[in-house]
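This chain uses plain numbering: 1 for the first residue, then up along the sequence. The figures here come from the full heavy-atom set of this structure, side chains too, leaving out hydrogens, waters and symmetry mates. All of these numbers come straight from a predicted model, not from anything done at the bench.
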Amino acid sequence: MRLAYLDCQTGISGDMTLAALLDAGVDRDALVSALDSLGLPDVELRVSTVMKGAFRATSIRVLHPEQHAHRHYSDIVAIVRAAAGLSEQQRDLALKIFRVIGEAEAKVHGSTLEQIHFHEVGAIDSIIDIVGAAVGFDLLGVDEVVCSRIPTGRGFVRIDHGLCPVPTPGTAEILKGVPLRDVPIQAELTTPTGAAIVKVLAKRFGALPAMTIEQIGYGAGTKEFPDRANVLRLFVGTAEAVGLERDEVMLLEVNLDDVSGEIVGYTKQRALEEGALDAYSVPIQMKKERPGTMLCVLCDLDAVTRLEELLYRETGTLGIRRRVVERTKQSRAPHTVTTPWGSIGGKLSWRAAGLASFSPEYDHCAAVARRYGVPLAEVMRAVEEAYRRAPVQGMPVADPGTDAEPVEPVSSAHDHSHDHGHSHDHGHSHDHGPGGHSH
């Protein structure tokens, strides 16, 4: 599998992205030909080699006549759609990036996508940067784009709407759901264009993935920093497609010796309801040999604030440890099987093409057990037996109805004559993320 990794140590912008793509080997003539088809008059893409700190990098400047009018979203869509030199994939990717920016701007200004007019992003150089990035990543021919956590910078920046804090409202709106990191630089490190490129292209975020590097592109930013090089690094290479997903999550830990077990249990349950991937407790021996409990909560990076507030509120703790941890997950998909009680859901998991493993969904099985007065273990055995009779080979397709409550049974009669000569261990330890169970 061919990968591209964006290393955004000093942020990301449109010109840095385009420069890194060219530096990583994207065909300049093909890129310029595609951009010329936009029909923007007297535009020149000037590419040069510069030094950022002690490092060589590629810099890009878009030269164009002075412009005065702002463009609406519909104006930009018309320009991109009329560009005959763009492939359908390049055109669609560029329009997705513009739409992300347009929807964010409309949200923060209380307007609509049709009414919003772009200021900085509607400028010719921004159009070139966005369309160029779409063309460049298409020419790069990668299967997946991975990105580091994004630094936004600090301080204030002056835009057409006046003085705004960093990140600006539009950039912050675009970066919803994107893992961020703090870099102590008083400057805008990530622009709306850079944020939108990441939002559309990156499939996951974290450290440099396991890969064999083939090319590294260095895209220069326009700012100078005294203690670091202002460059965007683009790693291009290959990784073995083993079906494992990788991401970064936050581990919150708190030591407790003055709350009851009921409070610990209640807090764990509330954490799961608030979006924690997992919550568990471990008995520990604290200072002065006091017995205590370590309560651990695993969550996505964007859920840290609300889960820390929950831990402080419910446990009264004075402090919480937090650690960013990298994890791998088997690919998963929901799947349903037919039982004497109707359709019951479960989860398929796999690492590569071949026979997938199947686990019954506890909530579905428990609901059936309560409804029909059947032992839970018997329901779970029947679900596993139903899957064994009709296993799913290869990469399964998710059933859109899996997350619904079990349907009414076809027949209320339950034949107890099945020979369940199996011994199953249902000791589940799960990451309860949005994708399901990670065993």
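- With respect to the salt-bridge test (charged N to carboxylate O, under 4.0 angstrom), the residues Glu103 and Arg99 qualify.
- Note that CG of Leu45 and CZ of Arg61 are 11.5 Å apart. Values are rounded to the nearest 0.5 Å.
- Closest approach of His72 and Glu114 over heavy atoms only: CD2-O, 4.1 Å.
- Looking at Lys203, its side chain never comes within 3.5 Å of a backbone N or O of Glu144 through a donor-acceptor pair.
- Of the possible donor and acceptor atoms, none in the side chain of Asn230 sits under 3.5 Å from a partner among the backbone N and O of Glu224.
- Residue Arg81 places its CZ atom among 12 or fewer non-hydrogen atoms of other residues, nucleotides or ligands, all under 6.0 Å distant.
- The distance from atom OH of Tyr5 to atom CG of Leu208, rounded to the nearest 0.5 Å, is 6.0 Å.
- Salt bridge status for Arg306 with Glu309: absent, with no side-chain N to carboxylate O gap under 4.0 Å.
- Considering CZ of Arg28 and OG1 of Thr58, their distance stands at 9.5 Å, rounded to 0.5 Å.
- Here the closest heavy-atom approach between residue Thr317 and residue Leu311 is recorded as CG2-O, 4.1 Å.
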*asked:* Determine whether Val297 and Glu308 satisfy the following criterion, side chain to side chain contact (heavy atoms under 4.5 Å, CB included), listing intermediate values before the conclusion.
replied: CA-CA 9 Å; Val297 174; Glu308 282 192 333; over 6 Å; no

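- Atoms CD1 and CG, on Ile213 and Leu3 in that order, are 10.5 Å from each other to the nearest 0.5 Å.
- Of all the heavy atoms in Val231 and Ala220, the pair that sits closest is CG1-CA, 4.4 Å.
- The minimum heavy-atom distance linking Thr152 with Pro167 is given by the pair OG1-CD, 3.8 Å.
- Without hydrogens or angle criteria, Thr267 side chain to Ile263 main chain gives a donor-acceptor distance under 3.5 Å.
- Taking a 6.0 Å sphere around CG of Leu163, one finds it holds more than 12 heavy atoms contributed by other residues, nucleotides or ligands.
- Heavy atoms of other residues, nucleotides or ligands lying less than 6.0 angstrom from OH of Tyr312 number more than 12.
- Asp278 CG to Leu272 CG: the interatomic distance, rounded to the nearest 0.5 Å, is 6.5 Å.
- With hydrogens and angles disregarded, no donor-acceptor distance shorter than 3.5 Å links the side chain of Lys199 to the backbone of Val178.
- Classification of the Phe358-Tyr387 ring pair by plane angle, with boundaries at 30° and 60°, yields parallel.
- One distance of note links CD of Gln9 with CG of Leu232; it measures 10.0 Å at 0.5 Å rounding.
- With respect to Pro179, the side chain to side chain contact (heavy atoms under 4.5 Å, CB included) criterion is satisfied by exactly one of Leu301, Asp300, Ile150, Val324: Leu301.
- At least one donor-acceptor pair under 3.5 Å links the side chain of His364 to the backbone N or O of Gly345.
- Ser37 places a side-chain N or O within donor-acceptor distance of the main-chain N or O of Gly85, the cut-off being under 3.5 Å.
- Within 6.0 Å of CD on Gln89 lie no more than 12 heavy atoms contributed by other residues, nucleotides or ligands.
- Salt-bridge annotation for Glu384 and Arg381: absent, with no side-chain N of the basic residue lying under 4.0 Å from a carboxylate O of the acidic one.
- Salt bridge annotation for Arg204-Glu248: absent, with no cationic side-chain nitrogen under 4.0 angstrom from a carboxylate oxygen.
- Gly11 approaches Thr190 most closely through the heavy-atom pair CA-OG1, 3.6 Å.
- Taking each heavy atom of Ala133 and Leu18 in turn, the nearest pair found is N-CD1, 4.0 Å.
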